[in-house]
Chemist: 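I'd like to ask you about the structure that follows.
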Amino acid sequence: MKVGCVKEIKNNEFRVGMTPNNVKSYKNAGHEVYIEKGAGVGSGFTDKEYEDAGAIMIDSAKEVWDTVEMMIKVKEPLPEEYPLFHEGLILYTYLHLAADKPQTDALLNGKVKGVAYETLIERDGSIPLLAPMSQIAGRLSIQEGAKYLEKRFGGEGVLLAGVPGTPKANIVILGGGSVGTNACKIAVGMGANVTILDINLKRLAYLDDIFGARIQTLASNDSNIEHAVKEADLVIGSVLIPGKSAPKLFKKAYLKEMKPGAVFVDVAVDQGGCGETTKVTYHDDPIFIEDGIVHYCVGNMPGAVPRTSTIALTNATLSYGLQIAGKGLEQACKDNEVIFSAINTYDGKLTCKNVADSYDCYEYADIHTLV
Ligand SMILES: NC(=O)c1ccc[n+]([C@@H]2O[C@H](COP(=O)([O-])OP(=O)(O)OC[C@H]3O[C@@H](n4cnc5c(N)ncnc54)[C@H](O)[C@@H]3O)[C@@H](O)[C@H]2O)c1
């Protein structure tokens, strides 16, 4: 198969869908690999490294889009990329369609086979292509939160760990999955007081086993959330209902009850955000202040550490990518049922139930009946 990869064009996005090592793996499996010149520079990979690995380097993104049968990306395509779609193209990337109707329409109209990293669910319920980015975003959320608690950014002026004789910061984490657990790990490591809330009591039991007395676990409900965030210096939004818009757990009314200058990092912003006051921000202007609370709502947080992120992401995407390229999408699904769960659009039909449920205007089609 002809597979390829273009430079990401989202604001301050420096990750890339394929590393030179990936190119070698696809080449060894018998595929042709087309890479846009400069695609890997932001992640520290030179054109020469791709060339040495066997890639055909191409001057323009359009030419790569036109040539490949399978495009391997990181972020969802942006509107300027929609006209580059062609019928039957396999687009293997993050899509996040539940919060992006224009893109959903473009994929359906273009009859693109949209294979979304974030909805590929393994047999044990894990989300292996979201997990590495969630690990990074979770760890980064505390780093960013610590920075924006500094006074010069409008923050409270509080050091997370405190020093002897001063209070430690209170960190509240909404959602104890991959993001939440990784945020928790760094927050505990920095010596803050950590409270983590989840609706999944089994997950809370697991977190209690792992972190022991160093954290407080709480069942997630409106009163526990309201009570916890009132005392918080830093709130991390990390809930997920796969494929659906995030529930708005962090209400506007809470802001006035919180400490002025407290920080809210809404990692779940890529699914619409779990705060009523969440608005998407970008790395070049990542925060805004509403009712005295600093909001950080960057939808592609791992883009801030592209070298680590690219290697972590492609470590996870390679094996499914090789299955799809090697057998074609249809046969790859038949041989490995798990891949069905990643197909969001197919031949002009919306095939992810949770995405379809997020809108009134689309009919859901079962992918098993189409392939
Ligand atoms: N902004 C970014 O750069 C970035 C990067 C990675 C992931 N994310 C996003 O972060 C979010 C979390 O991802 P994840 O990998 O941790 O997901 P996950 O599935 O591992 O964890 C989500 C957790 O939320 C919990 N949850 C669901 N509803 C809840 C509620 N009402 N109250 C409390 N908890 C609830 C679930 O039980 C689960 O434990 C997703 O929206 C993901 O897309 C964003």
Side-chain angles (χ1 to χ4, degrees), residues 10-13 96 99-100 134 136-162 166-175 179-180 182-184 186-187 190 192-197 220 222-240 245-305:
K10 191 160 182 162
N11 182 313
N12 276 280
E13 177 57 73
H96 297 295
D100 192 347
S134 294
I136 289 171
R139 291 176 187 213
L140 203 52
S141 68
I142 302 299
Q143 194 171 310
E144 296 296 334
K147 181 163 77 197
Y148 292 110
L149 273 167
E150 291 175 21
K151 202 71 190 168
R152 67 197 167 111
F153 296 115
E156 231 185 293
V158 159
L159 180 67
L160 288 185
T166 69
K168 298 162 184 285
N170 295 325
I171 301 184
V172 172
I173 301 173
L174 304 174
V179 170
N182 279 275
C184 190
I186 301 301
M190 287 179 87
N193 291 321
V194 182
T195 301
I196 189 156
L197 298 97
S220 175
D222 284 347
S223 18
N224 279 346
I225 294 172
E226 181 172 7
H227 192 257
V229 301
K230 265 190 206 169
E231 298 304 319
D233 301 289
L234 173 59
V235 178
I236 307 294
S238 49
V239 297
L240 175 68
S245 295
K248 304 285 181 214
L249 304 178
F250 186 68
K251 314 261 187 252
K252 181 169 170 46
Y254 301 164
L255 302 183
K256 290 207 170 83
E257 299 175 12
M258 291 173 64
K259 301 181 191 173
V263 174
F264 173 47
V265 176
D266 196 353
V267 186
V269 63
D270 56 352
Q271 292 294 129
C274 65
E276 283 183 349
T277 45
T278 295
K279 283 186 294 227
V280 179
T281 61
Y282 299 92
H283 286 294
D284 58 356
D285 189 14
I287 56 164
F288 62 91
I289 298 180
E290 183 150 344
D291 289 341
I293 304 302
V294 182
H295 289 58
Y296 173 101
C297 311
V298 174
N300 60 335
M301 291 176 67
V305 286

Chemist: Please enumerate all residues that pass ring pair (Phe, Tyr, Trp, His ring centres under 6.0 Å) together with Tyr148, with sequence neighbours excluded.
Modeler: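 Partners of Tyr148 by the ring pair (Phe, Tyr, Trp, His ring centres under 6.0 Å) criterion, ordered by chain and then number, come out as Phe153, Tyr296.
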Chemist: For the side-chain contact (heavy atoms from CB on, under 4.5 Å) test, which of Val179, Ile171, Thr195, Ile173 pairs with Cys184?
Modeler: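 So the option named by the test is Ile173.
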Chemist: Roughly how far apart are Asn182 CG and Arg139 CZ, rounded to 0.5 Å?
Modeler: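 It comes to 4.5 Å.
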Chemist: Once side chain to side chain donor-acceptor pair (under 3.5 Å) is applied, do any residues pair with Thr278, and if so which ones, sequence neighbours excluded?
Modeler: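 Side chain to side chain donor-acceptor pair (under 3.5 Å) check on Thr278 returns Asp266.
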Chemist: Suppose we screen for ring pair (Phe, Tyr, Trp, His ring centres under 6.0 Å). Which residues come up paired with Tyr282, at least two apart in sequence or across chains?
Modeler: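 Here no residue qualifies.
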Chemist: By side chain to side chain donor-acceptor pair (under 3.5 Å), which residues pair with Lys147, not counting sequence neighbours?
Modeler: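 Lys147 satisfies side chain to side chain donor-acceptor pair (under 3.5 Å) with Glu144 only.
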Chemist: Hey, does Glu226 have a side-chain heavy atom less than 4.5 Å from the side chain of Lys251?
Modeler: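 Contact flag for Lys251/Glu226 side chains = no.
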Chemist: Partners of Ser220 by side chain to side chain donor-acceptor pair (under 3.5 Å), sequence neighbours excluded?
Modeler: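 Once residues adjacent in sequence are excluded, Ser220 has no partner under the side chain to side chain donor-acceptor pair (under 3.5 Å) criterion.
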Chemist: Which pairs of donor and acceptor atoms, one on a side chain in residues 230-239, lie under 3.5 Å apart (sequence neighbours left out)?
Modeler:
from   : atom 1 : to     : atom 2 : distance (Å)
Asp233 : OD1    : Lys259 : NZ     : 3.0
Asp233 : OD2    : Asn170 : N      : 2.7
Asp233 : OD2    : Lys259 : NZ     : 3.4
Ser238 : OG     : Leu174 : O      : 2.9
Ser238 : OG     : Gly175 : O      : 2.8

Chemist: Of all residues at least two apart in sequence or in a different chain, which pass the salt bridge (Lys or Arg N to Asp or Glu O under 4.0 Å) check with Lys168?
Modeler: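 Counting only residues at least two positions away or on another chain, Lys168 forms no salt bridge (Lys or Arg N to Asp or Glu O under 4.0 Å).
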Chemist: So which atom in Leu160 and which in Ala146 form the shortest heavy-atom distance, rounded to 0.1 Å?
Modeler: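 The pair with the smallest heavy-atom distance is CD1-CB, 3.7 Å.
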Chemist: To the nearest 0.5 Å, what is the distance between OH on Tyr254 and CG on Leu249?
Modeler: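 So the gap between those two atoms works out to 8.0 Å.
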Chemist: Could I get the full list of side chain to side chain contact (heavy atoms under 4.5 Å, CB included) partners for Lys279, not counting sequence neighbours?
Modeler: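 Here the qualifying residues are Phe288, Glu290.
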Chemist: Could you list the residues that satisfy side chain to side chain donor-acceptor pair (under 3.5 Å) with Glu150, not counting sequence neighbours?
Modeler: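 Testing Glu150 for side chain to side chain donor-acceptor pair (under 3.5 Å), a comparison that skips the adjacent residues, returns Arg152.
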Chemist: Indicate yes or no: at least one non-hydrogen side-chain atom of His295 is less than 4.5 angstrom from one of Leu255.
Modeler: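 His295 reaches Leu255 side chain to side chain.
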Chemist: Contact between Gln271 and Leu240 at the side-chain level, heavy atoms closer than 4.5 Å - yes or no?
Modeler: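 With C-beta onward as the side chain, the pair touches.
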Chemist: Does Lys256 have any salt bridge (Lys or Arg N to Asp or Glu O under 4.0 Å) partners at least two apart in sequence or in another chain, and if so, which?
Modeler: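 With sequence neighbours excluded, Lys256 shows a salt bridge (Lys or Arg N to Asp or Glu O under 4.0 Å) to Asp291, given in chain and number order.
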Chemist: Kindly give the heavy-atom pair with the smallest separation between Val267 and Ser141, and that separation in Å.
Modeler: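 Closest pair (atom of Val267, atom of Ser141, distance): CG2-CB, 3.9 Å.
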Chemist: Residues in side chain to side chain contact (heavy atoms under 4.5 Å, CB included) with Ala304, at least two apart?
Modeler: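 For Ala304, the residues satisfying side chain to side chain contact (heavy atoms under 4.5 Å, CB included) (neighbours in sequence not counted) are Leu140, His283.
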